[in-house]
Amino acid sequence: MQTKAQFWDRVAVKYAAQPISDPDAYAQTLDRVSSYLKPTDRVLELGCGTGSTALKLAEHAGSILATDYSGGMIAQATAKMGVDNVRFLQADVFDPALQDGTFDVVMAFNLFHLVPDVEATMARVHDLLTPGGLFISKSPCIGERSLGFKFGLLKRLIPLMQLVGKAPFVRFDSIADVDARIARAGFEILETGNYPIRPPNHFVVARRT
């Protein structure tokens with residue numbers, strides 16, 4: 001059976017070549033994230049994929065450590081290197097190289113719906129942050145009702161696709177699920193939004209309490 005990393009290694013080159021599916025929603029997300037970053041911030045990005053978001057946000061932060069457990073994704077990201085304050089590392093959130101209390105901001109975009117052990121992962125994010133540090137995330141909420149026939153069909157097809165290695169683990173969260181989980185992990189939610197609105201890709205800025 002292929003591991004999660006092997007799935008993403010296999011699709012990394014194709015993934016890197018794909019255009020942004022919704023440029024307006026992506027630009028809106030970058031704008032909201034950058035409004036919270038400070039020039040002194042030590043930022044960790046989890047699930048950085050091919051690194052584009054870290055590189056686009058680099059000018060707003062002191063340093064960004066962008067991580068992904070897929071070596072294929074990190075290889076694609078490293079090939080884009082062009083700024084001095086971004087470093088790419090093949091690692092997951094539990095890697096001992098990531099030390100508790102050392103990051104002012106932890107970011108995770110389009111990641112948490114793909115994480116099976118989401119409660120433990122969220123707890124680890126809390127520990128990695130400095131007191132009062134920010135967790136900034138964006139998660140597709142395909143568990144929302146009234147998404148129509150297309151997404152109802154997708155939900156039924158995903159288990160079959162997983163059996164033949166064509167899809168990773170996927171969590172069918174609602175917006176309420178995402179917000180509640182973040183609050184339970186010890187965060188105060190400061191801002192939310194959906195970029196895009198349909199299907200909702202839920203953006204959250206939360207402070208470690």
Side-chain angles (χ1 to χ4, degrees), residues 4 7-8 11 14-15 18-36 45-50 52-53 56-57 68-70 73 92-93 105-126 129 134-209:
K4 293 181 294 182
F7 173 86
W8 293 107
V11 302
K14 182 179 179 181
Y15 185 89
Q18 291 177 340
I20 299 295
S21 60
D22 191 328
D24 290 340
Y26 184 57
Q28 196 169 11
T29 302
L30 292 176
D31 178 68
R32 296 311 306 138
V33 175
S34 63
S35 73
Y36 283 94
E45 184 181 6
L46 303 173
C48 72
T50 61
S52 296
T53 298
K56 289 180 182 297
L57 292 171
D68 200 290
Y69 58 51
S70 165
M73 290 292 186
D92 69 8
V93 67
V105 180
V106 174
M107 309 185 301
F109 305 116
N110 301 308
L111 174 67
F112 273 78
H113 68 302
L114 303 173
V115 175
D117 52 347
V118 66
E119 303 290 348
T121 300
M122 196 73 71
R124 173 68 166 148
V125 169
H126 185 276
L129 284 164
L134 297 181
F135 173 48
I136 304 178
S137 64
K138 187 175 172 183
S139 302
C141 292
I142 52 179
E144 283 290 308
R145 297 181 178 180
S146 304
L147 290 183
F149 174 79
K150 176 182 177 181
F151 288 95
L153 179 62
L154 179 62
K155 288 181 184 180
R156 291 192 291 271
L157 287 177
I158 282 177
L160 298 176
M161 295 170 66
Q162 290 168 335
L163 286 175
V164 296
K166 297 295 184 181
F169 170 87
V170 178
R171 182 182 307 282
F172 297 103
D173 278 336
S174 68
I175 290 171
D177 292 333
V178 171
D179 288 348
R181 187 179 299 118
I182 291 172
R184 286 197 304 271
F187 292 95
E188 174 193 3
I189 294 178
L190 305 179
E191 177 182 336
T192 65
N194 296 314
Y195 316 125
I197 294 174
R198 184 177 177 86
N201 202 332
H202 191 52
F203 175 77
V204 181
V205 180
R207 179 186 291 122
R208 174 184 164 171
T209 57

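Residues take their numbers from the sequence shown, with the count starting at 1. Everything numeric here is computed off the predicted structure, so don't read it as measured data. Keep in mind that the numbers below use all heavy atoms, side chains included, and drop hydrogens, waters and symmetry copies.
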>> Please check if the number of heavy atoms outside Y15 that lie under 6.0 Å from its OH is greater than 12.
In response: no
> If you take all heavy atoms of F109 and E45, which pair is closest and at what distance?
Replying inline: CD1-OE2, 3.7 Å
>> Do D179 and H202 make a side-chain contact, defined as non-hydrogen atoms from C-beta onward lying under 4.5 Å apart?
In response: yes
>> Among residues at least two apart in sequence or on other chains, which ones pass side chain to side chain donor-acceptor pair (under 3.5 Å) with S137?
In response: none
Would you give me the side-chain donor-acceptor pairs under 3.5 Å for residues 20-27, sequence neighbours excluded?
residue	atom	partner	partner atom	Å
D22	OD1	D24	N	3.4
D22	OD1	A25	N	3.1
Y26	OH	T53	OG1	2.8

> Sub-3.5 Å donor-acceptor pair from the side chain of D177 to the main-chain atoms of S174, do we have one?
Replying inline: yes
>> Which label fits F135 and F112: parallel for a plane angle under 30°, tilted from 30 to 60°, or perpendicular past 60°?
In response: perpendicular
>> According to salt bridge (Lys or Arg N to Asp or Glu O under 4.0 Å), who are the partners of E188, at least two apart in sequence or on a separate chain?
In response: R207
> Are any of the side-chain heavy atoms of V178 and C141 separated by less than 4.5 Å?
Replying inline: yes
> Can we say E144 and R198 salt-bridge, meaning some charged N sits less than 4.0 Å from an Asp/Glu carboxylate O?
Replying inline: no
> Does some side-chain heavy atom of R171 sit less than 4.5 Å from a side-chain heavy atom of V118?
Replying inline: yes
>> So which atom in P140 and which in N201 form the shortest heavy-atom distance, rounded to 0.1 Å?
In response: N-OD1, 3.3 Å
